[in-house]
Engineer: 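I have a structure I would like to understand better, so I am pasting it below and will then ask my questions one at a time.
Labels below follow one simple rule: chain letters A, B, ... track the order of the sequence lines, proteins then strands, and each chain is numbered from 1.
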Amino acid sequence: MSKKEIVKKKYDMPLQDAAERAKSFTEVALGYDMETAVLEAERCLQCKKPFCIEGCPVNVPIPDFIKLILEQDFAQAASIIKEKNSLPAICGRVCPQESQCEKHCILGKKHEPVAIGRLERFVADWEMQNTPELKNPSIPVIDQKVAIIGSGPSGLTCAADLAKLGYKVTVFEALHTPGGVLVYGIPEFRLPKSIVAQEIDKIKELGVEIRVNSVVGQLWTIDELMQEEGFAAVYICTGAGLPYFMDIPGENLNGVYSANEFLTRVNLMKAYQFPKHLTPINVGERVAVIGGGNVAMDSARTALRLGVDNSYIIYRRSEKELPARLEEIEHAIEEGVEFKLLTSPIEILGDEEGRVTAIVCQNYELGEPDVSGRRTPIPIDNSTYTMEVDSVIMAIGQGPNPLIPASTPDLKVNKRGNILTNVAGLTSIPGVFAGGDVVSGAATVILAMGAGKKAAESIDEYLKGLRN
Amino acid sequence: MFKILRKEVLANKINLFDIKAPYIAKKAKPGQFVIVRTDDYGERIPLTIADFDREAGFITIILQEIGRSTYDMGKLEVGDFFLDVVGPLGKPSVIQKYGRAICIGGGVGVAPIYPITRALQAAGNHVISILGANSSATFFGEKMLKAVSDELYITTNDGTYGEKGLVTDVLKRIISNDDIDIVFAIGPLGMMEAVSKVTSLKRIKTVVSLNPIMLDGTGMCGACRVEVGNEKKFACVDGPEFDGHLVDWENAKQRARMFEKQEKVALTQSCNCHSKGEGCNV
């Protein structure tokens with residue numbers, strides 16, 4: 001390698017102007033152009049022992065695809081990413097690279113790491129725009145059917161991997177559009193739904209069948225899928241679809257939403273285009289979002305785009321402990337989200353019509369670190385105050401959806417309702433695997449994908465065993 | 001896509017649809033519901049399953065045109081399609097031999113009370129049905145319910161059909177000189193609340209079916225939360241049936257008004273005559 005001077009910082013991601021974008025649902029991050037992508041690719045040291053790959057839950061061959069960007073063979077770059085990752089345009093946008101691949105980048109020890117996520121997005125977007133001729137290798141057809149329950153990132157990954165091995169895969173989705181959290185949860189301005197649809201189309205091209213409007217647990221039990229519908233294995237990846245509330249007074253007032261409800265109305269049902277789209281949303285002028293994770297940031301930024309005057313994040317720890325990605329927090333601040341930190345609500349007040357008028361908050365200070373390593377928030381006496389707001393969005397986390405465990409008595413779950421599995425993803429029922437948020441609790445898109453990938457390997461092993 | 005096999009106008013703005021949905025028909029049980037969407041712009045509307053035919057593979061829904069979405073649905077004809085029908089959702093009614101049962105259907109609530117009444121009679125109960133409507137123009141279901149009830153009473157608020165008065169008038173009369181083991185009541189919130197008040201005096205077990213604002217119908221969003229016995233319940237997965245004596249009716253009525261303003265906006269833009277002040281049939 002020539003002794004070129006190292007470029008210390010990542011090339012900037014072009015963004016829409018903050019004031020403009022805060023009024024619009026079009027995508028915030030615009031993506032690298034070809035020239036910038038090649039320049040960024042030059043920063044990669046092409047380590048002999050690449051730690052970045054170890055940081056990736058689906059083990060994308062990172063230095064290899066970056067080398068192909070340098071050689072401007074984008075089609076081949078896309079192809080080798082897809083061997084490991086069936087949803088690169090999505091991961092390039094929503095993965096927390098700073099705590100995964102980029103965290104392990106050697107360059108990052110002294111300077112900024114290589115912008116692996118941005119490069120992945122560039123390659124995936126290039127492929128979508130240029131649709132290089134598919135070199136679909138002829139897949140051996142295996143006469144065993146696999147049912148996948150849930151079409152979120154985990155299910156789609158598992159489906160794609162199994163289809164590539166030759167299995168007949170059917171994905172069951174309860175909603176009317178496939179994608180799970182990618183369509184109902186993550187907002188358009190962070191992940192355009194057309195990108196999700198294109199990625200899903202690619203998975204369908206592998207031969208995967210997706211059945212929407214199909215609620216497993218109600219329409220079929222797991223047992224019926226296996227005994228009557230002929231599925232040899234099942235993968236349960238129904239996500240973290242049960243919203244938590246705080247159990248404080250006033251939570252049933254009109255104007256209090258779970259983040260799931262709020263985001264589903266806006267993203268899936270397109271309430272921001274009401275009344276062209278008929279699903280309504282009503283948040284008023286001042287919105288308080290409770291919580292500090294990515295879902296809270298998504299909710300607060302979405303509220304801004306609905307035209308509110310004030311969008312507040314109320315979080316009981318300090319800025320340092322905010323669980324959201326730094327990038328999302330920065331974007332939220334740039335767009336005008338106001339942070340009320342070391343604060344937690346104790347009551348929501350309403351008028352005689354039952355509509356939210358205000359939220360009563362209490363100040364907190366941080367004590368000793370708890371088991372999670374984060375400092376425990378402690379309420380400060382006599383520090384309550386009232387903030388006038390028109391709506392409240394609860395973004396304090398989600399639990400596993402109970403529909404499948406409730407209809408599957410032999411399926412073992414823990415106290416919180418998460419499905420129990422062994423390291424291979426096998427549940428307490430033979431042939432039934434589970435992964436993603438329904439097992440781990442609410443986590444990230446890429447971890448769910450990693451679980452889907454592992455499940456596909458385990459299911460393949462299991463079905464091989466049945467064949468022999 | 002779910003094809004409409006039969007449509008019947010049962011009363012003013014009350015339509016019956018048989019919809020081809022073989023998988024749902026195979027699994028549907030009394031008390032359960034479906035979520036229906038007309039087209040890509042439509043809301044997800046929860047509707048109780050009024051009937052099902054497992055062999056022929058269809059389900060029956062009965063809907064009243066009260067808002068923009070149900071108005072759009074009312075315009076569909078035989079051969080048209082609903083874009084999405086998902087179900088069966090919710091827990092089924094608990095059908096067993098209770099003894100003497102009263103089934104009360106108010107307004108369009110007559111539709112979902114029908115399969116429950118039929119199942120209760122088939123389970124060997126003596127079933128007394130009470131049907132109510134505002135007036136004869138909006139009343140339907142007499143023939144259907146008569147076939148599955150041991151006794152049948154009809155009331156209209158204005159007395160244009162059956163007895164003049166409320167379903168609770170008949171209910172009070174019956175329970176004052178008859179031992180009743182269970183009451184099922186489906187209708188407007190006010191009616192179900194009134195029924196629950198009447199039966200609570202004699203501690204007669206009373207099951208009501210709630211139909212709050214709903215989105216996904218699978219427990220994912222919490223829009224349909226209701227307060228039952230001081231606990232948060234999701235009507236879509238914990239219900240839709242609850243003990244009427246434990247429901248917080250004030251909160252249920254308040255939450256039903258959540259989008260009142262938006263509902264009016266959606267409705268007015270659908271007909272173009274409300275804004276002009278002309279009369280229309282919406």
Engineer: What class does the angle between the rings of A:Phe245 and B:Phe234 fall in, given that below 30° is parallel, 30 to 60° is tilted and above 60° is perpendicular?
Structural biologist: perpendicular
Engineer: Would you say that A:Leu175 contacts B:Met220 through its side chain, given a criterion of any heavy-atom pair below 4.5 Å between the two side chains?
Structural biologist: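 Counting from C-beta outward, A:Leu175 and B:Met220 do come under 4.5 Å.
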Engineer: Where does B:Arg255 contact chain A at under 4.5 Å (heavy atoms): side chain, backbone, both or neither?
Structural biologist: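 Answer is both: backbone and side chain atoms of B:Arg255 are under 4.5 Å from chain A.
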Engineer: Between atom OG1 of A:Thr279 and atom CD1 of B:Ile45, what is the distance when rounded to the nearest 0.5 Å?
Structural biologist: 8.0 Å
Engineer: Non-hydrogen atoms of chain B under 4.5 Å away: do they reach the side chain of A:Leu242, the backbone, both or neither?
Structural biologist: both
Engineer: With a 4.5 Å cut-off on heavy-atom pairs, point out which of B:Glu43, B:Glu250, B:Lys26 contacts chain A the most.
Structural biologist: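 Of B:Glu43, B:Glu250, B:Lys26, B:Glu43 has the most heavy-atom pairs under 4.5 Å with chain A.
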Engineer: Let's test your reading of the structure: which of B:Asp39, B:Leu89, B:Asp248 forms the most heavy-atom pairs below 4.5 Å with chain A?
Structural biologist: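 Going by pairs under 4.5 Å, I would pick B:Leu89.
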Engineer: With heavy-atom distances below 4.5 Å as the criterion, would you say the side chains of A:His176 and B:Val86 are in contact?
Structural biologist: no
Engineer: Non-hydrogen atoms of chain B under 4.5 Å away: do they reach the side chain of A:Asn401, the backbone, both or neither?
Structural biologist: side chain
Engineer: Looking only at heavy atoms, what is the nearest atom pair of B:Gln254 and A:Gly354, with distance?
Structural biologist: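 Minimum heavy-atom contact is NE2-O, 3.4 Å.
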Engineer: With a 4.5 Å cut-off on side-chain heavy atoms, are A:Gln273 and B:Tyr41 touching?
Structural biologist: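 The answer is no, as the side chains (C-beta and beyond) never meet within the 4.5 Å cut-off.
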Engineer: Please determine, by modelled atom types, if A:Asn254 and B:Arg257 share a side-chain donor-acceptor pair under 3.5 angstrom.
Structural biologist: no
Engineer: Using non-hydrogen atoms only, which part of A:Ile281 is less than 4.5 Å away from chain B: side chain, backbone, both, or neither?
Structural biologist: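 For A:Ile281, backbone heavy atoms alone lie under 4.5 Å from chain B.
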Engineer: By a 4.5 Å heavy-atom criterion (distance strictly below it), what part of B:Arg37 contacts chain A: side chain, backbone, both, or neither?
Structural biologist: side chain
Engineer: Can we say A:Glu251 and B:Lys232 salt-bridge, meaning some charged N sits less than 4.0 Å from an Asp/Glu carboxylate O?
Structural biologist: yes
